[in-house]
Amino acid sequence: MAPSRQDCEELDAKDPIGSARERFVLPEGVVYLDGNSLGPLPVALADRLAHVLGQEWGARLVAGWDESGWMEAPRRVGDKIARLIGARPGEVVACDSTTVALTKLLLAALHARPGRRLLLTTTGNFPSDLYAGEGAARLSGRAELRVVEPSALEAELAGGDVAALFLTHVDYRTGEMFDMAGLTAAAHAGGALAVWDLCHSAGAVPLDCGGDGVDLALGCGYKYLNGGPGAPAFLYVRQEHQGVLPNPLPGWLGHADPFAFDGRFAQAADIGGYLTSTPPILGLVALEAGLDTFEGITMADVRAKSVALGELFLAVVGEEAGELVEVASPMDPARRGSQVSLRHRDTRAIVEELIGQGVVGDFRPPDVCRFGFAPLYLTHAEVYDAARLVARVVVAASR
Ligand SMILES: *Cc1c(COP(=O)(O)O)cnc(C)c1O
């Protein structure tokens with residue numbers, strides 16, 4: 001049986017991370033279930049931006065690079081991301097965009113496996129990742145993108161020609177989660193590097209890049225990390241690869257000593273070696289404010305609440321409209337990220353109707369509607385209300 005609304009209110013009253021909601025600007029009358037697409041605005045950002053504009057850029061001008069910690073920002077923000085993805089300090093930098101970061105890491109991986117020809121991924125991967133895979137293969141002048149069903153990955157890896165396996169950990173459409181440890185081990189057993197896209201995992205599910213042996217990873221700053229529209233992405237390079245794998249898009253910020261203005265690229269031996277360009281300070285300020293919404297919160301707490309919210313949503317929708325929609329996400333929460341997707345012949349209209357009534361999810365073609373559960377700012381009671389509304393709208397759309 002689904003919990004009652006009163007059960008939900010009791011859960012909210014003793015929610016160990018319930019107070020984090022106050023860290024966000026959330027419009028009145030909206031239940032926001034699209035934080036998997038764009039996280040909400042952190043309350044702290046307005047003052048921080050005002051400070052950067054007034055006291056830093058405005059007052060110090062170019063001296064800000066030294067005096068205001070701007071040069072260090074990609075590493076400092078990277079370290080805050082490291083904590084959320086199970087990486088060590090000094091293994092992550094915030095820079096580039098997701099697609100650019102992926103292209104860089106795939107080219108670096110190809111360089112690490114000179115005798116191998118294939119970049120391997122799955123058919124369901126996000127289109128931009130598929131394009132980046134194709135682009136990196138072409139840019140390398142010798143590689144090829146191989147796209148297969150998940151069930152065929154192990155056989156491909158055993159073939160001995162895969163340079164890198166690259167996967168998106170949580171499927172953007174269904175929320176299905178790959179086994180990061182198992183597939184990384186399979187890649188290594190086949191002699192390939194493992195590259196993970198964490199766009200729908202970072203800040204949503206606990207990750208252990210270190211323990212799972214992940215070689216390279218990347219992700220986006222504007223989804224569960226709440227870094228704002230178009231926020232910088234991040235890239236992770238395992239310590240042992242740093243300085244060994246080349247930065248395939250070298251720029252002066254990745255030089256060991258940018259201000260020597262050396263005519264020849266000498267890559268920094270640490271994670272900074274993977275930077276290309278001048279850090280986008282305003283974007284990094286916003287991303288850092290987004291990351292600071294996780295202050296004092298463990299990913300274990302985030303995950304526990306995420307699973308509870310997903311289960312609650314499924315129970316309520318299942319009880320009231322179970323016969324009328326198909327659940328496109330795994331029912332087993334252990335195999336599901338922080339979203340639930342539904343299929344119906346009329347999902348586009350369902351999503352529009354829900355948005356009109358204050359429940360914001362989204363539609364992904366051909367027939368999926370997605371509801372993301374960002375545990376930092378959602379309450380059990382509002383997810384309960386949203387699920388009841390979803391059920392009612394589904395019932396009406398099924399007549
Ligand atoms: C959101 C997302 C992207 C976005 O790429 P950008 O370069 O930031 O536009 C790429 N890949 C995946 C898997 C995503 O979820």
Side-chain angles (χ1 to χ4, degrees), residues 33-40 74 77-78 81 84-85 92-107 109 119-136 139 145 147 150 164-178 180 183 194-205 207 209 214 216-236 248-249 274-277 279-280 283-284 286-287 290-291 328-329 336-341 361-365 368-374:
L33 304 182
D34 213 7
N36 48 312
S37 188
L38 176 68
V77 174
I81 296 168
L84 303 180
I85 67 167
V92 180
V93 269
C95 61
D96 304 325
S97 67
T98 307
T99 308
V100 171
L102 175 58
T103 305
K104 281 164 78 164
L105 295 182
L106 291 177
L107 285 165
L119 293 174
L120 178 64
T121 193
T122 50
T123 46
N125 206 344
F126 191 78
S128 203
D129 295 45
L130 296 172
Y131 309 157
E134 209 181 322
L139 280 168
L145 174 66
V147 186
L165 168 67
F166 72 102
L167 296 171
T168 297
H169 179 229
V170 172
D171 186 286
Y172 76 102
R173 215 179 244 136
T174 65
E176 182 163 4
M177 186 156 61
F178 277 124
M180 192 152 121
L183 284 159
V195 183
W196 287 94
D197 182 328
L198 308 177
C199 278
H200 288 275
S201 333
V205 297
L207 294 161
C209 285
V214 172
L216 304 166
L218 66 137
C220 146
Y222 49 81
K223 292 172 182 158
Y224 292 100
L225 300 184
N226 310 312
F234 65 87
L235 53 84
Y236 159 86
L249 208 63
Y274 300 92
L275 295 172
T276 298
S277 291
L284 285 168
L287 176 54
L291 290 163
S329 304
R336 195 170 71 222
S338 203
Q339 78 183 59
V340 166
S341 303
D362 63 21
F363 168 76
R364 285 293 175 268
V368 161
C369 53
R370 305 189 300 178
F371 303 96
F373 303 104

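What you see below is based on every heavy atom in this structure, not just the backbone, and it leaves out hydrogens, waters and symmetry mates. Numbering of residues begins at 1 and proceeds along the displayed sequence. Order of appearance sets the numbers: ligands from 1, and atoms from 1 within every ligand. All figures in this text were calculated on a predicted structure; none of them were measured in a lab.
Note: His169 NE2 to Cys199 SG = 12.5 Å, rounded to the nearest 0.5 Å. Taken to the nearest 0.5 Å, the OG atom of Ser329 stands 11.5 Å off from the CE atom of Met177.
In terms of the side-chain contact (heavy atoms from CB on, under 4.5 Å) criterion, residue partners of Ser37 (sequence neighbours excluded) are, by chain and number, Asp34, Asp362, Arg364, Arg370. With sequence neighbours left out, the side-chain contact (heavy atoms from CB on, under 4.5 Å) criterion links Pro280 to Pro232, Leu284. For Phe126, the side-chain contact (heavy atoms from CB on, under 4.5 Å) test picks out Ser128, Asp129, Tyr172, with sequence neighbours left out.
The backbone N or O of Ala328 lies less than 3.5 Å from no partner atom in the side chain of Glu176, so there is not a single donor-acceptor pair.
Sorted by chain and number, the heavy-atom contacts of ligand 1 below 4.0 Å come from Ser97, Thr98, Thr99, Phe126, Asp129, Thr168, Asp197, Cys199, His200, Tyr222, Lys223.
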